[in-house]
There are 2 protein chains.
Amino acid sequence: MPKNCNFIEKLREVGLRPTKQRIKMCEVLYNREDTFHFTINDLVKMISEEMNEKISLATVYNTVHAFEKKGYLKEISINSDKSYFDTNTSAHHHFFDEDTHQLIDCDKSDIDKINIRKNITGKKINSVEVLVRVASDNQTQK
Amino acid sequence: MPKNCNFIEKLREVGLRPTKQRIKMCEVLYNREDTFHFTINDLVKMISEEMNEKISLATVYNTVHAFEKKGYLKEISINSDKSYFDTNTSAHHHFFDEDTHQLIDCDKSDIDKINIRKNITGKKINSVEVLVRVASDNQTQK
DNA sequence: CAATAGTTTAGAATTATTATAATGTAGATT
DNA sequence: AATCTACATTATAATAATTCTAAACTATTG
């Protein structure tokens, strides 16, 4: 979803009812300059603040998953205790800062196209993602 | 840990007490031809069978983490509901079969070395891992 | 073989996520 | 605009993975 668009229309277009909660969620997610990486908990807090009232955890889970299914959000693979999501739904790679647990997008120009020479019979490739784990320079190598 | 080695000695070498549970875990993990990918639950079942008695979940968690810290095991990044571990601790990439939830190793020759042109100030790169998600050919693209 | 430091264990606690069932609401129909 | 209906939201319960705890146990040291 492009920023500053009419979220009510956008939601309707893909068959999601524009409820108060979903519109607020859109505002939090897409009214911003940059790509946004978040966990469900981050989002609950931010939407609650934005609305000046509580939003239910279940609603955020449901809506995030609805958005994901519609291609508004992308889940990012971190072997962590929790799930991360990304408003940048295009194929791209990430840095993960192991000190702060922050995700950083990788521009296309940062990593060459990855060529996979192995083939798995009867299977097709759904995605190819690179995760670069970084940490403070003065820490011991993992 | 190479296969068929003396696990008691190996454990001692890195400062882990060779208990009955740890030795059995070594046997399950390393007395095999190929790399082994597993979840904690897989391992609990296999060790219990091997020992012909129950092993506590907590012990498996503790010991897996101890082995990971000592470099005997490597955790693999899947944004899943559970953690996967790998007896192949060298830097390498994976296929993840989204139908069967199986991990498959990627040989060095299957993917070219990945060159990262981005630099994050004050941070060093700990690891670069590629995850290739595959699924049945006749399924809709994710 | 006793001391002790590390280990295992069952079960409780915690955390992320999903399910449930009652209530609320958007949009269509009158 | 009142009503209907399907979908949404909510609080709460359920589930699942993982970690914590404190007591019992055991490998090593002296």
Side-chain angles (χ1 to χ4, degrees), chain A residues 6-28 37-45 47-48 50-70 72-73 75-85 101 103, chain B residues 6-28 37-45 47-48 50-70 72-73 75-85 101 103:
Chain A
N6 183 337
F7 295 129
I8 296 180
E9 281 313 311
K10 276 289 164 199
L11 287 167
R12 239 179 226 128
E13 271 169 28
V14 296
L16 291 176
R17 283 194 183 165
T19 62
K20 183 177 63 175
Q21 291 84 348
R22 282 175 179 162
I23 293 163
K24 276 295 168 198
M25 186 177 295
C26 283
E27 287 173 17
V28 169
H37 299 109
F38 62 93
T39 65
I40 297 288
N41 250 311
D42 297 336
L43 198 51
V44 169
K45 276 187 213 136
I47 296 169
S48 295
E50 184 85 4
M51 291 205 305
N52 270 327
E53 69 189 275
K54 297 244 167 296
I55 188 171
S56 135
L57 237 192
T59 299
V60 178
Y61 271 102
N62 290 341
T63 307
V64 162
H65 288 139
F67 280 16
E68 192 193 1
K69 194 177 297 173
K70 298 296 180 184
Y72 288 177
L73 289 174
E75 194 170 1
I76 305 302
S77 311
I78 311 281
N79 75 320
S80 178
D81 42 344
K82 60 189 70 161
S83 287
Y84 287 78
F85 293 88
H101 285 200
L103 269 171
Chain B
N6 183 337
F7 296 129
I8 295 180
E9 281 313 311
K10 276 290 164 199
L11 288 167
R12 237 179 227 128
E13 272 170 25
V14 296
L16 292 176
R17 283 192 185 170
T19 62
K20 181 178 66 175
Q21 291 84 347
R22 282 175 178 161
I23 293 163
K24 276 294 168 199
M25 184 176 298
C26 283
E27 285 172 18
V28 169
H37 299 111
F38 62 92
T39 65
I40 297 288
N41 251 311
D42 298 336
L43 199 51
V44 169
K45 277 188 213 135
I47 296 169
S48 294
E50 185 85 5
M51 290 206 306
N52 271 326
E53 69 187 274
K54 299 243 165 295
I55 187 171
S56 137
L57 241 190
T59 299
V60 177
Y61 272 101
N62 289 341
T63 307
V64 162
H65 287 140
F67 279 18
E68 193 193 0
K69 194 176 296 172
K70 297 297 180 181
Y72 287 178
L73 290 175
E75 193 168 3
I76 305 302
S77 311
I78 311 281
N79 75 321
S80 178
D81 42 344
K82 59 188 72 163
S83 286
Y84 288 78
F85 292 87
H101 283 201
L103 269 172

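Just so we're on the same page: letters track the sequence lines, and every chain starts at 1. Just so you know, these numbers come straight off a predicted model, no measurement behind them. In what follows, every heavy atom counts, from backbone to side chain, and hydrogens, waters and symmetry copies are set aside.
As rounded to whole Å, 12 Å separates atom C1' of dA17(D) from atom OH of Y84(B). Between the NZ atom of K54(B) and the C1' atom of dT8(C) there is a distance of 16 Å, rounded to whole Å. Separating the CG atom of N62(A) from the P atom of dT9(D) is a distance of 8 Å, rounded to the nearest angstrom. Protein atom CG of L43(B) is 15 Å distant from nucleotide atom P of dA17(D), rounded to whole Å. A straight line from CZ of R22(A) to P of dC7(D) spans 11 Å, rounded to a whole angstrom. M51(A) has its CE atom 10 Å from the C1' atom of dT9(D), to the nearest Å. In this structure, I8(A) places its CD1 atom 15 Å from P of dA8(D), rounding to the nearest Å. Here the C1' atom of nucleotide dT7(C) and the CG atom of L11(B) are 13 Å apart, to the nearest Å.
A pairwise comparison of heavy atoms in L16(A) and K70(A) identifies CD1-CG, 4.1 Å as the closest pair. Smallest separation of non-hydrogen atoms from Y72(A) and K10(A): OH-O, 3.1 Å.
Closest-nucleotide positions on DNA chain D for L16(A) and R17(B) were compared, and the one nearer the 5' end corresponds to L16(A).
Closest to the A58(A) side chain, of the nucleotides dT17(C), dA19(C), dT9(C), is dA19(C). Comparing atom distances between the T63(A) side chain and each of dT9(D), dT9(C), dG27(C) picks out dT9(D) as nearest. For H65(A), the listed nucleotide lying nearest its side chain is dT18(C); candidates were dT9(C), dT18(C), dT8(C).
OP1 or OP2 of dA27(D) has not a single side-chain nitrogen or oxygen of R12(B) nearer than 4.0 Å. In terms of phosphate contacts, T39(A) brings no side-chain nitrogen or oxygen within less than 4.0 Å of OP1 or OP2 of dA16(C). For dT18(D), the OP1/OP2 oxygens have a side-chain nitrogen or oxygen of Y61(B) closer than 4.0 Å. Of the side-chain N and O atoms in Q21(B), one or more sit less than 4.0 angstrom from OP1 or OP2 of dT9(C). Contact check, S83(B) against dT18(D): a side-chain N or O comes under 4.0 Å of OP1 or OP2.
Checked by atom type and distance alone, the side chain of R12(A) never pairs as donor or acceptor with a backbone atom of P18(A) at under 3.5 Å.
Counting any heavy atom pair closer than 4.0 Å across all strands shown, T19(A) reaches sugar-phosphate atoms only and no base atom. Residue contacts for L57(B): at a heavy-atom cut-off of 4.0 Å it reaches a base atom on one of the strands shown.
When only modelled atom types and interatomic distance are considered, T39(A) and D42(A) share a side-chain donor-acceptor pair under 3.5 Å.
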What do the steps show when you test K24(A) against E53(A) for salt bridge (charged side-chain N to carboxylate O under 4.0 Å, His left out), and what is the final call? CA-CA 11 Å; K24(A) 276 295 168 198; E53(A) 69 189 275; over 6 Å; no
